[in-house]
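Accompanying notes for the structure given below.
Lettering follows sequence order; numbering is per chain, from 1. These numbers come from a predicted model, not from an experiment.
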There are 2 protein chains.
Amino acid sequence: MMLRDEQLSAGQIAERFVISRPAVSRHLRVLRDSGLVRDELVGRRRFYVLRAEPLTDLTDWIAGLTRPAGWEHRLDALETEVYRARRDHRDRAPAAPSPRRREDTA
Amino acid sequence: MMLRDEQLSAGQIAERFVISRPAVSRHLRVLRDSGLVRDELVGRRRFYVLRAEPLTDLTDWIAGLTRPAGWEHRLDALETEVYRARRDHRDRAPAAPSPRRREDTA
DNA sequence: CCGACGCGTAACCAACAGGTTACGCTTCCG
DNA sequence: CGGAAGCGTAACCTGTTGGTTACGCGTCGG
């Protein structure tokens, strides 16, 4: 998936869309200002990579919509353990920008 | 949480917002047409209740953003079990506030 | 039966979103 | 050093969003 598995430059990202480069640049700025991507300037190229951590708040909120009141507390506890294990591992794993399989473009 | 745990009428929902009632009504129509709420006309009141099932696609998509490629397969499998258990229980549980569903009016 | 209530939609308007072209800044290569 | 490349922003324009008020329809109670 774009930017999750590999960093891409603004031009490479723009190539995958039919809209103009300045339009893509505007979107990237919104994403950067929201903290959803991180950018790094290398020469005249600016590389972007996904920062998905802020999405956990969103996922939690949506999960609150689907979670019936009162029930499934035990399953919730288990899910929390799963989540914690995942986060613990992520904190230890090195952030290697190692390009892998290319995801579909929406 | 509003509409997840209890059905509310349009007026009761509108009371919880500062915007005008017609504005709330417009939002409710968008939610109804999207399948995110279900409404039932009782006399001159229209009651709404959340239908969160369509959100699972969204949650899955967002999870795909946060899931690093390759890793956490075992945790994913566990999470799938949690999800399945939850769904199995939901399919068996009686739909407690069972208002009869009315077709869209639009 | 009539007035009140609940509530949805039409029409209007302002703000915003999201595209474009033009331009400018920085970096880099010949 | 100058031209090319990469890329971000300004300015502009159009369509959409999202609020408002006014109004109308269906239901209900006196």
Hydrophobic cluster membership, A:Leu36 vs A:Val24, 4.5 Å side-chain cutoff: yes

Residue from A:Val37, A:Leu3, A:Leu50 passing side-chain contact (heavy atoms from CB on, under 4.5 Å) with A:Leu31: A:Val37

Closest approach of A:Arg51 to A:Gly35 (non-hydrogen atoms, all atoms of both residues): NH1-O, 2.8 Å

Backbone of B:Val49 reached by a side-chain donor or acceptor of B:Arg38 within 3.5 Å: no

From B:Leu28 atom CG to B:Asp33 atom CG, the distance as rounded to the nearest 0.5 Å: 10.5 Å

Close N/O contacts between protein and nucleotides 12-19 of chain D (under 3.5 Å):
from	atom 1	to	atom 2	distance (Å)
D:dG18	N7	B:Arg26	NH2	2.9
D:dG19	OP2	B:His27	NE2	2.3
D:dG19	O6	B:Arg26	NH1	2.8

Sugar-phosphate, base or nothing in reach of B:Tyr48, heavy atoms under 4.0 Å: sugar-phosphate

Donor-acceptor contact below 3.5 Å, side chain B:Arg4 vs main chain B:Ala52: no

Interatomic distance where CD belongs to B:Glu40 and C1' belongs to D:dT27 [whole Å]: 15 Å

Value in whole Å for how far the P atom of D:dA5 lies from CD of A:Glu15: 14 Å

N or O in side chain of A:Ser9 less than 4.0 angstrom from D:dC7 OP1/OP2: yes

Value in whole Å for how far the P atom of C:dC7 lies from CG of B:Leu8: 11 Å

OP1 or OP2 of D:dA5 under 4.0 Å from side-chain N/O of A:Arg45: no

Nucleotide D:dC7, atom P - distance to CZ of A:Phe17 in whole Å: 15 Å

Hphob cluster co-occupancy, B:Phe17 + A:Trp61, side-chain heavy atoms under 4.5 angstrom: yes

A:Arg21 side chain, from C-beta outward: closest of D:dC7, C:dC7, C:dT9: D:dC7

Protein proximity profile, nucleotides 25-30 of chain C - base contact B, sugar-phosphate-only contact S, no contact -, cut-off 4.0 Å on heavy atoms: --BB--

Set of residues satisfying salt bridge (Lys or Arg N to Asp or Glu O under 4.0 Å) with respect to A:Arg32, sequence neighbours excluded: A:Asp39

Atom-to-atom span, CZ of B:Arg46 to P of D:dC25 - whole angstrom: 16 Å

A:Arg45 (side chain) donor-acceptor with A:Gly11 (main chain) under 3.5 angstrom: no

